[in-house]
A.B. asks: 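The structure under discussion is supplied below as structure tokens; questions concerning it will follow.
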Amino acid sequence: MIARVQPDHVTYTTVVSAFVKAGSMDRARRVLAEMTRVGVPANRITYNILLKGYCQQLQIDQAKELVREMTEDAGIEPDVVSYNILIDGCIQVDDSAGALAIFNEMRAKGIAPTKISYTTLMKAFALSGQPKLANKVFDEMLNDPRVKADLVAWNMLVEGYCRLGLVEESKKIIQRMKEHGFHPDVATYGSLANGIALARKPGEALLLWNEVKDRCTAKKEGEKSDDSDPPTLKPDEGLLDTLADICVRAAFFKKALEIVACMEENGIPPNKTKFTKIYVEMHSRMFTSKHASQARQDRRSERKRAAEAFKFWLGLPNSYYGSEWRLGSLDGDN
DNA sequence: ATAGGGTTAG
């Protein structure tokens, strides 16, 4: 005899989750309806998964309607996870004011924000170009004894300033986070690299690269180390590509070569096509001046060697100084 | 079985 096992609410919720993940909100809703019909009612987790689904589909109104249904029809009050999902949903549709309104509504209901609530609200302000408001939320988080700010929260604070290219402010925050015992990670440095690119401060990229490079290599045998030493950093494509991009644009070819070497060491294929394009568009006529003094030529000889090495790495012809080849000769436009 | 972090091509 075969036992007739009924699916329980976890089984159903797993199915709901699968449909949500596939973007099929209609089918997910049909499962919800079936749960009611067969007497295996959905719980808060089921509803939260559906809420997340609507938010991912940018259907915030549907999400809010579902909150009404879960409250009034199913008698399930939204919890902090539900609210966090809604706050993030507002962010997805660029509604930072709506995100704040939901955060406040949650608190008015006596539901305590978690560090995720605070960080998500910070994201609303960081992504909408209001780093000072993000900072205000961060300060509130620091003053809330129920939560502890973590690396993600610090990174969101940094991101807010970097998005506007406010490099000095970002560096101050990173200094403060270090003083609080948090080591910057690839996300922190990735934000800063983007801020530096936006601010067009390539000198800052050199400083950042030195710090990143230092963190990339593990401490050698015999070297002093203690708990305050930052852990080894595994750089990723976003960080290294941004740094290399800045260096190539700024004609820092020695540094650019170091960075692309680091990319290759980490199994990240550098985008040679892009770097070639930047090189050709910005620097192909470098070192072609016929009026440079001997002193000047001597001063730049090292830079020139680096440029030659970089061209070699790109696979560009590297003995064409003064000739007139351009992008057109590469892609056939001319 | 549910919620938060940078980038993703000038």
Side-chain angles (χ1 to χ4, degrees), chain A residues 7-21 28 31-32 35 40 42-56 63 66 70 76 78-89 91-92 99 102-103 106 111 113-124 126-127 134 137-138 141 147 149-163 170 174 177 182 184-198 200 208 212 235-246 248-249 268 270-278 281-282:
Chain A
D8 66 3
H9 59 110
V10 177
T11 320
Y12 276 111
T13 302
T14 305
V15 176
V16 170
S17 178
F19 281 137
V20 163
K21 207 170 284 176
V31 177
L32 179 68
M35 292 175 81
V40 182
N43 62 16
R44 190 178 281 113
I45 294 178
T46 321
Y47 278 103
N48 284 346
I49 291 169
L50 284 161
L51 285 177
K52 182 72 188 174
Y54 282 127
C55 289
Q56 278 169 350
L66 188 64
M70 70 188 272
I76 300 170
D79 66 353
V80 63
V81 175
S82 321
Y83 278 105
N84 291 346
I85 290 167
L86 290 174
I87 293 168
D88 199 57
I91 296 170
Q92 305 302 322
I102 289 173
F103 183 90
M106 174 177 76
I111 297 171
T114 63
K115 63 183 176 183
I116 295 177
S117 315
Y118 282 111
T119 309
T120 307
L121 186 59
M122 287 173 69
K123 177 180 166 187
L127 299 192
V137 177
F138 184 74
M141 173 162 35
V147 301
D150 61 9
L151 182 60
V152 178
W154 280 100
N155 281 351
M156 192 58 80
L157 187 59
V158 171
E159 170 67 8
Y161 289 99
C162 288
R163 283 231 161 203
S170 305
I174 291 172
M177 81 189 262
F182 291 98
D185 66 359
V186 281
T188 327
Y189 290 133
S191 294
L192 183 57
N194 288 322
I196 290 169
L198 188 63
R200 305 232 153 101
L208 175 55
V212 167
D236 68 358
E237 179 177 1
L239 171 60
L240 294 178
D241 179 77
T242 303
L243 286 174
D245 194 296
I246 297 167
V248 176
R249 286 172 195 277
I268 302 163
N271 189 342
K272 280 198 189 187
T273 311
K274 184 183 77 163
F275 293 133
T276 302
K277 201 172 164 201
I278 297 170
E281 286 178 357
M282 299 183 75

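Chain letters run A, B, ... following the sequence lines, proteins first, then strands; residues in each count from 1.
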A.B. asks: Pick base, sugar-phosphate or nothing for Ser191(A), based on heavy-atom distances below 4.0 Å to the nucleic acid.
C.D. replies: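 Ser191(A): backbone/sugar contact only, no base atoms under 4.0 Å.
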A.B. asks: Rounded to whole Å, please give me the gap between CG in Asp185(A) and C1' in dG5(B).
C.D. replies: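 The distance from CG of Asp185(A) to C1' of dG5(B) comes to 8 Å, rounded to the nearest Å.
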A.B. asks: As a test of reading the structure: which of dA3(B), dA1(B), dG5(B) is closest to the side chain of Ile49(A), going by heavy atoms?
C.D. replies: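 Of the candidates, dA1(B) comes closest.
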A.B. asks: Can you give me the closest heavy-atom contact between Met141(A) and Ala153(A), atom names plus distance?
C.D. replies: CE-CB, 3.5 Å
A.B. asks: Take atom CG of Asn271(A) and atom C1' of dG10(B), then tell me their distance rounded to the nearest Å.
C.D. replies: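 So the two atoms are 13 Å apart, to the nearest Å.
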A.B. asks: For Met156(A) and dA3(B), give me the distance from atom CE to atom C1', rounded to whole Å.
C.D. replies: 13 Å
A.B. asks: Within the structure shown, what part of the strands sits under 4.0 Å from Asp236(A) by heavy-atom distance: base, sugar-phosphate, or nothing?
C.D. replies: base
A.B. asks: Using the ring of each side chain (for Trp, its six-membered ring), is Phe182(A) parallel, tilted or perpendicular to Trp154(A), with breaks at 30° and 60°?
C.D. replies: tilted
A.B. asks: Atom CG of Leu243(A) to atom P of dT7(B): distance rounded to whole Å?
C.D. replies: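 Taking atom P of dT7(B) as the reference, CG of Leu243(A) is at 15 Å.
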A.B. asks: Taking the minimum atom-to-atom distance to the side chain of Asn48(A), which one of dT7(B), dT2(B), dG4(B) wins?
C.D. replies: dT2(B)
A.B. asks: At under 4.0 Å between heavy atoms, what does Ser117(A) touch on the DNA or RNA strands: base, sugar-phosphate, or nothing?
C.D. replies: nothing
A.B. asks: Hey, is the side chain of Lys21(A) poking within less than 4.0 Å of OP1 or OP2 on dT2(B), counting only N and O atoms?
C.D. replies: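 Negative; the distance criterion is not met.
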A.B. asks: Reckon Leu151(A) touches a base, only the sugar-phosphate, or nothing at all at heavy-atom distances under 4.0 Å?
C.D. replies: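 Contact class for Leu151(A): base.
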A.B. asks: To the nearest angstrom, how far is Tyr161(A) atom OH from dG6(B) atom C1'?
C.D. replies: 17 Å
A.B. asks: If you compare every side-chain N and O of Arg163(A) against the phosphate oxygens of dT7(B) (OP1, OP2), does one of them come in below 4.0 Å?
C.D. replies: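 True: Arg163(A) side-chain N/O within range (under 4.0 Å) of dT7(B) OP1/OP2.
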A.B. asks: If we ignore angles and hydrogens, is there a donor and acceptor under 3.5 Å between the side chains of Asp79(A) and Asn48(A)?
C.D. replies: yes
A.B. asks: Please pick, from dA1(B), dT2(B), dG4(B), the nucleotide with the shortest atom-to-atom distance to any side-chain atom of His9(A).
C.D. replies: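 Shortest atom-to-atom distance from the side chain points to dA1(B).
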A.B. asks: Which nucleotide in the list dG10(B), dA3(B), dA1(B) gets nearest to the side chain of Asn43(A)?
C.D. replies: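 The listed nucleotide nearest to Asn43(A)'s side chain is dA1(B).
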A.B. asks: Choose from dG10(B), dA1(B), dG4(B) the nucleotide whose nearest atom is closest to any side-chain atom of Arg249(A).
C.D. replies: dG10(B)
A.B. asks: Round to a whole Å and report the spacing from CZ of Phe182(A) to C1' of dG4(B).
C.D. replies: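 So the two atoms are 14 Å apart, to the nearest Å.
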A.B. asks: Does Leu239(A) reach a base, just sugar-phosphate, or nothing at all? Heavy atoms under 4.0 Å.
C.D. replies: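 Contact class for Leu239(A): base.
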A.B. asks: Closest approach of Met122(A) and Leu157(A), non-hydrogen atoms and distance?
C.D. replies: CE-N, 3.6 Å
A.B. asks: Send over the distance from Lys123(A) NZ to dT7(B) P, rounded to a whole Å.
C.D. replies: 10 Å
A.B. asks: Side chains of Asn194(A) and Ser191(A): donor-acceptor distance under 3.5 Å anywhere?
C.D. replies: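 No donor-acceptor contact under 3.5 Å links the two side chains.
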A.B. asks: So what does Thr120(A) hit on the nucleic acid, given a heavy-atom distance under 4.0 Å: a base, only sugar-phosphate, or nothing?
C.D. replies: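 If one applies the 4.0 Å heavy-atom cut-off, Thr120(A) turns out to touch the sugar-phosphate alone, with no base involved.
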A.B. asks: If you check the Ala187(A) side chain, which of dA1(B), dA3(B), dG6(B) turns out closest?
C.D. replies: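 My answer, after comparing the listed nucleotides, is dG6(B).
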A.B. asks: Between Thr119(A) (side chain) and Ile116(A) (backbone), is there a donor-acceptor pair under 3.5 Å?
C.D. replies: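 It does not hold such a pair.
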A.B. asks: In whole angstroms, how far is the C1' atom of dG4(B) from the CE atom of Met122(A)?
C.D. replies: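 Rounding to the nearest Å, CE of Met122(A) and C1' of dG4(B) are 10 Å apart.
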A.B. asks: What nucleotide among dA3(B), dA1(B), dG6(B) has an atom nearest to a side-chain atom of Leu127(A)?
C.D. replies: dG6(B)
A.B. asks: Looking at the side chain of Val10(A), which of dG4(B), dT2(B), dA1(B) is the nearest nucleotide?
C.D. replies: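 Given the options dG4(B), dT2(B), dA1(B), the side chain of Val10(A) is closest to dA1(B).
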